[in-house]
Amino acid sequence: MAREIRRGFPDDTLHLIGVLKGSIFFLADLARELGGEVSFDFLGVSSYGKGTDSTGEVKLTKDLDVGIEGRTVLIVEDILDTGLTLKYLLKLFEERKPRHLRVAVLLDKVERRIADVKADYTGFPIPNEFVVGYGLDFDERYRNLPDVCVLQLGSRGKTKNE
Ligand code: IMP
């Protein structure tokens, strides 16, 4: 993915915007493969409360530190699910007039899509399972698992080892 991204913008400083907190491992690994000039910024959104179901509501919890006007911007997301978060971000960022605006996602739950959005670069399409690890959480847990794992919930919404 990094090679494909860099091929499209060989001479640009790629301004990576990580969506906190799920994207941090993916952003760190992607950035190290991009080569050339890269800068980072982060923003926070909340689209999920507790548990595994979307509230359908997206809220900005932390804005960017620097402006993106005229920059080549790459939004880095952990997972594309309903697409509501990405739709919100694209609208927000387009208004700030970047030179280019692209989206890289590690995982894509294609069948869950509600909003009409697509990533420009996708790591892996995955089935409709709740996944954790490699930055992805369930109620802030499991982010530090080194691999992406399917979360198995018991009958009362607890994980199987609770
Ligand atoms: P969307 O707005 O429904 O596309 O949701 C995007 C956000 O929901 C992601 O950035 C994740 O934070 C979270 N999310 C969606 N699916 C999962 C999952 O399977 N595991 C962990 N977080 C998820």
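Numbers here simply count residues along the sequence, with the first being 1. Only a predicted model underlies this, so the values are computations on that prediction, with no experimental measurement involved. Remember, it's 1-based here, ligands and their atoms both numbered in the order they're listed.
- Atom numbering of ligand 1 starts at 1 in the shown order; those under 4.0 Å from a heavy atom of T85 are 1 (P), 2 (O), 5 (O), 6 (C).
- The distance from ligand 1 to the heavy atoms of E129 drops below 4.0 Å at these ligand atoms: 19 (O).
- The closest approach between V19 and ligand 1 stays at or above 4.0 Å for every heavy atom of the residue.
- With R99 contributing its side chain and G70 its backbone, the two residues share no donor-acceptor pair below 3.5 Å.
- In summary, the atoms of ligand 1 found under 4.0 Å from a heavy atom of G83, numbered by their order in the structure, are 1 (P), 3 (O), 4 (O).
- Interface of K109 with ligand 1, defined as ligand atoms under 4.0 Å from a residue heavy atom, comprises 16 (N), 17 (C), 18 (C), 19 (O).
- Residue V131 places at least one N or O, backbone or side chain, under 3.5 Å from an N or O of ligand 1.
- Which parts of ligand 1 touch E77 is read off a 4.0 Å heavy-atom cut-off, strictly below it: atoms 10 (O).
- The shortest heavy-atom distance from I79 to ligand 1 is under 4.0 Å.
- In terms of modelled atom types and a separation under 3.5 Å, the side chain of R6 and the main chain of F9 share a donor-acceptor contact.
- Counting the atoms of ligand 1 from 1 in the order shown, those under 4.0 Å from a heavy atom of D78 are 9 (C), 10 (O), 11 (C), 12 (O).
- Within ligand 1, counting atoms from 1 as listed, the ones closer than 4.0 Å to a heavy atom of L136 are 21 (C), 22 (N).
- A single hydrophobic cluster is not seen to contain both Y134 and I75; linkage of ILVMFWY side chains at heavy-atom distances under 4.5 Å, directly or through other members, places them apart.
- Under the 4.5 Å side-chain contact rule for hydrophobic residues, F93 and L74 do not share a cluster.
- Ring pair F130/F138 is perpendicular by interplanar angle, where above 60° counts as perpendicular and below 30° as parallel.
- Atoms of ligand 1 lying under 4.0 Å from any heavy atom of D137, numbered from 1 in the order shown and given with element: 21 (C).
- Counting heavy atoms from C-beta outward, E77 and T85 have side chains that approach closer than 4.5 Å.
- Around atom 18 (C) of ligand 1, the closest heavy atom drawn from F130, F138, Y142 belongs to F130.
- Using modelled atom types, one side-chain atom of K62 and one backbone atom of F42 make a donor-acceptor pair closer than 3.5 Å.
- Counting only heavy atoms from C-beta outward, the side chains of L34 and L16 approach each other to under 4.5 Å.
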